[in-house]
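Notes follow the structure.
The structure presented is a predicted model; accordingly, all values stated were derived computationally and were not measured. Excluded from the calculations below are hydrogen atoms, water molecules and symmetry mates; all remaining heavy atoms, backbone and side chain alike, are included. Just follow the structure's listing: the first ligand is 1, and inside any ligand the first atom is 1.
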Amino acid sequence: MESLKLNTKYLFGKNAIFELEKELSNSKYKKALILTGSSSYKTNGSFDDLTKVINKVNLPYIHFLGIEPNPRSRTIDKCVDFVIENKVDLIFALGGGSVVDASKVIATLATNKNYYESSWDYVLDSSLAKNKPIDIISIITLAGTGSENNGTSVITNSEKWEKKSVYNALATPIISVQDPSYTFTVDAWQTASGIFDCFSHLLEQYFGKSTFDWTREYIFANLRVLINYAKMVILRPLHFEARANVFWTTTMALNGLGSFKCESDWSVHTIEHAISGLWDVTHGAGLAFVTPTYLEIRSQNEQWFKDKVIQLGRNVFKTQTLESTIKFIVDFIKSINLPTRWSEFGNIAKFDEKDASYLLNHSCRFGEPSMKETYQKVIWALMEKK
Ligand code: NZQ
Ligand code: ZN
């Protein structure tokens, strides 16, 4: 038996946000929070549009700004208190994946605060949070994570240099507003990182051991669309159709459809989260750095995995061998100007054996203990990629 419930209603297209008026008229909500990052909300048009809609339906609101990229548990703690004090019953999460991820933890702790000292405690053990979170409407302004339509949050504890995911299906946004024109202002680095994040979500769902034909073909189709439009959105950031295709692919890549009836293998994310926890790197760029090495090392050791890499190359990249498939991926990463070596990250000054041990411990603690040997080989090989 398989079960899949897609919990999110999508409002997609130019000016889609104004459809919210219908959704919110005569609604039960008494006070809303608009949650944002530090400044992009002012320039991409989304905040002005949202406040017009909220004012029109006479919904009182307050604003909390300053959710960081790789959102910090300490900032989330402050926002939880703010939400409880102000009796907020609806959150508009307006921003990239970091804002939407933070909103889910805030929404959950707003109704489960009694069980936890801090948001980090919740991230470490979410089992006590049984009360339904307050509702979230996501207004995504950066295409990549898929956070707008899933229950996952990835939170960083910067005091401990740790980054970990936590899942609550009930915190999945009930509505996702998707106006591709809000992503026109995203710079080339973040656009490329979002694209590679999605690329990796598709690959990591594909690289589970089990297979279901429909799911495999769904992944291949999404990869083709993503690759077709990747360079175009970077060269022509105001190209609506290109932004729209990338946007919808990133959303559809992480909502349950890409893993239907299949296992996934989240090792690349596990290693990247360790790297991000230590050096605060941009998530998608970190995945680009890890992926080719991961594919090389697993293919050297496991025939079934190697066969899957070759199958991917044949079906999506129109190439025949293991080497040419990995080369295609490396060329793709370079074509969108993401790093393939640690020295290309401005914030990794050195990467030595002490760092490698730290990354391994983090990966084993939050990842799959059975993958320890693979994590170790990959991390040690990455250290050599200067
Ligand atoms: O803070 P502001 O000023 O908003 O600027 C942000 C931020 O600096 C900016 N930005 C967002 N929208 C923009 C824009 N700049 C110009 N124009 C716009 N329209 O972009 C920067 C990065 O934002 P962030 O939200 O951090 O990026 P992203 O969407 O890539 O999210 C990354 C986070 O999501 C987690 C990652 O680990 C990382 O912490 N993930 C969440 C997942 C999930 N919930 O399912 C899955 C992913 O695998 C991922 O791990
Ligand atoms: Zn990701």
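Of all atoms in ligand 1, numbered sequentially from 1 with element shown, those under 4.0 Å from a heavy atom of Val186 are 13 (C), 16 (C), 17 (N), 18 (C), 19 (N). Residue Leu254 has at least one heavy-atom neighbour below 4.0 Å for each of these atoms of ligand 1: 45 (O), 46 (C). Set against the non-hydrogen atoms of Pro71, the atoms of ligand 1 under 4.0 Å away are 39 (O). Which parts of ligand 1 touch Pro69 is read off a 4.0 Å heavy-atom cut-off, strictly below it: atoms 7 (C), 8 (O), 26 (O). With ligand atoms numbered from 1 in the order given, ligand 1 contributes 2 (P), 3 (O) to contacts under 4.0 Å with heavy atoms of Ser39. If you number the atoms of ligand 1 from 1 as listed, the ones under 4.0 Å from a heavy atom of Gly96 come out as 25 (O), 29 (O). For ligand 1, the atoms sitting less than 4.0 Å from at least one non-hydrogen atom of Lys163 are 36 (C), 37 (O), 38 (C), 39 (O), numbered in the order shown with element in parentheses. Each of the atoms 38 (C), 39 (O) of ligand 1 lies under 4.0 Å from some heavy atom of Asn70.
The protein heavy atom nearest to atom 16 (C) of ligand 1 is Thr185 O, 3.4 Å. Atom 49 (C) of ligand 1 has His283 NE2, 3.2 Å as its closest protein atom, hydrogens excluded (heavy atom only). Summary of contacts: the protein heavy atom closest to atom 12 (N) of ligand 1 is Thr141 OG1, 2.8 Å. When only non-hydrogen protein atoms are considered, atom 10 (N) of ligand 1 lies nearest to Ser40 OG, 3.6 Å. Given atom 24 (P) of ligand 1, the protein heavy atom at minimum distance is Ser98 OG, 3.4 Å. Annotation: atom 30 (O) of ligand 1 to nearest protein heavy atom, Thr145 CG2, 3.9 Å. In this structure, the protein non-hydrogen atom closest to atom 27 (O) of ligand 1 is Leu142 CD1, 3.6 Å.
Only the side chain of Asn150 comes within contact range of ligand 1, with a heavy atom under 4.0 Å; no backbone atom does. When heavy-atom distances to ligand 1 are checked against a 4.0 Å cut-off, Thr36 has no atom that comes that close, whether in backbone or side chain.
Closest to the Zn ion (ligand 2) among the N, O or S atoms of His269 is NE2. Sorting the N, O or S atoms of His283 by how far they are from the Zn ion (ligand 2) puts NE2 first. When the N, O or S atoms of Asp197 are ranked by distance to the Zn ion (ligand 2), OD1 comes first.
Considering all non-hydrogen atoms of both residues, Thr145 and Gly97 come closest at OG1-CA, 3.5 Å. Between Leu109 and Ile84, the shortest heavy-atom contact is O-CD1, 4.3 Å. The two residues Val225 and Thr249 come nearest to each other via the heavy atoms CG1-OG1, 3.6 Å. Nearest approach of Tyr41 to Ser46, heavy atoms of both residues: O-OG, 4.2 Å.
Aromatic rings of Phe317 and Phe332 (six-membered ring for Trp) have centroids beyond the 6.0 Å cut-off, not under it.
Of the options His201, His269, Gln190, the smallest heavy-atom separation from atom 21 (C) of ligand 1 is shown by Gln190. The option from Thr282, Thr156, Val100, Asp101 that lies nearest to atom 35 (C) of ligand 1, judged by heavy atoms, is Asp101.
By the 4.0 Å N-to-carboxylate-O rule, Asp331 lies close enough to Lys327 to be salt-bridged with it. Look at Asp89 and Lys28 and you find no salt bridge, because none of the NZ, NE, NH1 or NH2 atoms lies under 4.0 Å from a carboxylate O. Taking a cutoff of 4.0 Å between a charged side-chain nitrogen and a carboxylate oxygen, Glu21 and Lys56 qualify as a salt bridge. Residues Asp213 and Arg216 are paired through a salt bridge, judged by an N-O separation under 4.0 Å between the basic side chain and the carboxylate. Looking at Arg298 and Glu302, a side-chain N of the basic residue comes within less than 4.0 Å of a carboxylate O on the acidic one, giving a salt bridge.
Every N/O-N/O distance between Thr183 and ligand 1 stays at or above 3.5 Å. Residue contacts with ligand 1: Gly97 is placed with a nitrogen or oxygen under 3.5 Å of a nitrogen or oxygen of the ligand (distance criterion only). Polar contact check, Glu68 against ligand 1: no nitrogen or oxygen pair lies under 3.5 Å apart. Checked against a 3.5 angstrom limit, the closest N/O atoms of Tyr182 and ligand 1 fall inside it. In terms of polar-atom proximity, defined here as any N/O pair under 3.5 Å, Ser153 makes no such contact with ligand 1.
The environment of NZ in Lys350 is crowded: more than 12 heavy-atom neighbours from other residues, nucleotides or ligands sit within 6.0 Å. No more than 12 heavy atoms of other residues, nucleotides or ligands lie within 6.0 Å of CD in Glu117, so this atom counts as exposed by the packing criterion. Within a 6.0 Å radius of NZ in Lys231, no more than 12 heavy atoms belonging to other residues, nucleotides or ligands are found.
Val290 is listed as a side-chain neighbour of Ile275, based on a closest heavy-atom distance under 4.5 Å.
When each of Tyr294, Phe345, Phe196, Trp279 is paired with Phe289, the ring-ring contact (aromatic ring centres under 6.0 Å, His included) condition holds for Phe345 and for no other.
Between the NZ atom in Lys113 and the OG atom in Ser118 there is a gap of 8.5 Å [rounded to 0.5 Å].
The cationic group of Lys308 lies under 6.0 Å from the six-membered ring centre of Tyr206 and within 45° of the ring axis, placing it in a cation-pi geometry.
At a cut-off of 2.8 Å, Cys198 does not coordinate the Zn ion (ligand 2) through any N, O or S atom.
Ligand 1 has at least one atom lying under 4.0 Å from a heavy atom of Ser38.
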